[in-house]
Structure formats: C-alpha cells, structure tokens
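This report refers to the structure that appears directly beneath it.
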Number of protein chains: 2
Amino acid sequence: MKEKLLDLLRGRGHKITSQRRAIIDALLAGGHFVTAQQILDIVKQTHPDVSLDTVYRNLSLLMELGAVDEIRTPNRDGNLFEVLTTGHHSHLVCLTCGRAKCLPFCPIKSSDMEQAGVDGFTVTSHSLEFYGYCRECQTSGAGEGFSCCTK
Amino acid sequence: MKEKLLDLLRGRGHKITSQRRAIIDALLAGGHFVTAQQILDIVKQTHPDVSLDTVYRNLSLLMELGAVDEIRTPNRDGNLFEVLTTGHHSHLVCLTCGRAKCLPFCPIKSSDMEQAGVDGFTVTSHSLEFYGYCRECQTSGAGEGFSCCTK
DNA sequence: ATTCTAAATAAGAATATTACTATTTAGGAG
DNA sequence: CTCCTAAATAGTAATATTCTTATTTAGAAT
C-alpha cells in the first residue's frame, strides 16, 4: 500500500521526501482514522522538526490525488483522515463520542452529480457525512467518549 | 420570517436577548449566504460589544432547531450560513471563487438514511456539499473571486 | 414591582487549519 | 558527480472556531 501511494505521487511528478515517507507511514500505522495531530505525534518520533503545516499540506495533496479522504466531525480534536484502500464511500459520525464508521457505499449516484451540475456548474466531487448516535451512545446514556463505534 | 424564528426560539424555552434579535436581523439582512464575520460586522453597528463567540453560539442554536444551515466551503473567510426559508436542500460550492448556490433538492432519500443506520446507529442528520467549478470560473480562466455563482 | 434561576453573554484563551516567506532539497540534466 | 530548478519544508503568523469562567439578564414566580 505504501509503494502504491509513493508510485502515485511519483507518477504525478511529486518528490518523495523523508518527511513525506514518514507521514505516509503514520497514516498507514495510525489506525483506520487518524487526526492530523495523531499523524504529527507519530512522525515526530523520527522527524522531530516536522510541523503540522507539513502534515496538512501532504494530506491535502493525497486528497487531491484521491488517495485520502477527510471525514468532517464536530470533534474538538479535529477532522479524521482515512487512506482509501477500497473505493469511495460515506461515513457515519457519532455526535456524542465523535467516532466514525465507514458505510460500504455512497448514496450519491452519478445521476445526482449530473443533476447537480445545473447552470453550467461542473461538479467534480462531493462531501457527505451522516450524523447521529451509535448504539453504545444511545444505550449508555451520555457517551463517555470511548468503547464506541468502529476504530 | 423574523417572528417565526423568535417564536421557534420561545417555543423551545430560549430567551430573546437584544443580541439575539440583532443576530437574527443580520442573518435576514445580510444576503442569502453570510459568514459569521459578516453577521458580526452588521450586529456591531448596533451592539458594539457582541463577540464572534456569541454569533457562533446563536448560529449553532438555530442550526439545532433546523432554522439555519451551514455550508462548508474551502474559503479563507469561513463557512456560509443560510436561513432555511424553504425546506432542506443541498448546495454547489465553486472551488475557485468560493461562492455557493442552492440546489432545489437534496439527493439523500429517506431510504438512504435508513440504509445508513446500520449496526444500531441512529442517523439524525447529514451534511452534503457538491464541489466543482461554476460557469464563470470555467470560462474566465482562474477566477478572480467575484461575478460568480449566486449570491 | 421584586426576587430568583437557568440561560445567555463578554472576555479571554485554546485549538484546528491555512497562509506567507525564506530556506532547503529531490531528482533530472549536463 | 555537480549543477540547477521546481517542489517541499520550517518557522512564523494569521484566521476560523470552540471552550472556560465569571458576570449579566430574560422571563417566570412571587
């Protein structure tokens, strides 16, 4: 998977820096969903000087290339990032514990994209999240922020 | 429209402060889409001491009550807010000029909501934006940030 | 009108994210 | 291997948004 990402970057004319390698390593090592800060924490173990800016810049690049997805959450510790190993899909986000879970599909069809493209507007992408409450946060009263949803 | 919003707030047990009135006035006066900062600028004309925090707090409350929608944009001046005069719908956002346009519909069906509610997850809302390029930003090269999309 | 209390605010601080600029570097060309 | 240049980074700063806490206030009850 790592080589696949590096090849994608090379193929688009991007350079492979040691920081970039470390960020990709962290993305792949940090669990399914990671925050920018979590990536930084991992990267700092080998590259103490990297800045959050570099993490965000690389995440943006990987998102442009379609290799990473950003899940918008109401969490205090920021949005979640995910390496797209499978295809595009949408997510459930629990409003109590803040964790995300992948849906195996995305309800937006290509016909929706075309319908959306009115008045000469060309649709290139979309962002969709479902918000609500996961099973654990419904049954255990107010969620405590752990043992909830999928990692 | 203003009375409708005030009644909605009263009906849910919320107090009507002069700041809150001014924020609602600004929401209704500031054009279809407004940023939090634009609301603050208008409100400051009559209430010089209000803080952005108060603007955001009131926007969040109105969103909880379903009276206001937030459109997530990649703009440097923040997200856009819209009073929901008609029903729920989705938006187009131009990645060049940053302006938004309402679609007259939302492609998410109730069956999608039910499908999304897997593993005991209860879906209560969703957030969807379409991104791309409006007609003006496609034809005029790199957009200059005005004369684009709908207000 | 006075009192009371939960709701709302102001002020300041914290945090996530983005932008700017000077410096460094990957990797191709010679 | 050395040179060159566009790409990438570090450092710093700016900005959008959220949080904390002490203070104020709307509106209900008296």
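The chains referred to below are lettered A, B, ... by the order of the sequence lines, with proteins before strands, and numbering in each begins at 1.
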Which of residues 41-51 of chain A sit near DNA chain D, with a heavy atom under 4.0 Å from it? Asp49(A), Val50(A), Ser51(A)

With a 4.0 Å heavy-atom cut-off, tell me which residues in residues 62-83 of chain A come close to DNA chain D, sorted by residue number. Arg76(A)

Respond yes when some side-chain nitrogen or oxygen of [X] is under 4.0 Å from OP1 or OP2 of [N], and no when none is.
| X | N | value |
| --- | --- | --- |
| Gln19(A) | dT25(C) | no |
| Arg57(A) | dT18(C) | no |
| Thr17(A) | dA26(C) | no |
| Thr54(B) | dT9(C) | no |

Per nearest nucleotide of DNA chain D, the residue lying toward the 5' end, His14(B) or Ile16(A), is Ile16(A)

Summary of salt bridge (charged side-chain N to carboxylate O under 4.0 Å, His left out) pairs that have at least one residue in residues 75-91 of chain A, sequence neighbours excluded: none

Starting at [atom1] of [X] and ending at [atom2] of [N], how long is that distance when rounded to a whole Å?
| X | N | atom1 | atom2 | result |
| --- | --- | --- | --- | --- |
| Leu52(A) | dT9(D) | CG | P | 13 Å |
| Asp53(B) | dA22(D) | CG | P | 16 Å |
| Leu6(B) | dA26(D) | CG | P | 14 Å |
| Leu59(A) | dA8(D) | CG | P | 14 Å |
| Leu9(A) | dT25(C) | CG | P | 20 Å |
| Leu40(A) | dA16(C) | CG | C1' | 13 Å |
| Lys15(B) | dA7(C) | NZ | C1' | 4 Å |
| Leu61(A) | dT9(D) | CG | C1' | 14 Å |

With a 4.0 Å cut-off on heavy atoms, is Arg20(B) in touch with a base, just the backbone sugar-phosphate, or nothing at all? sugar-phosphate

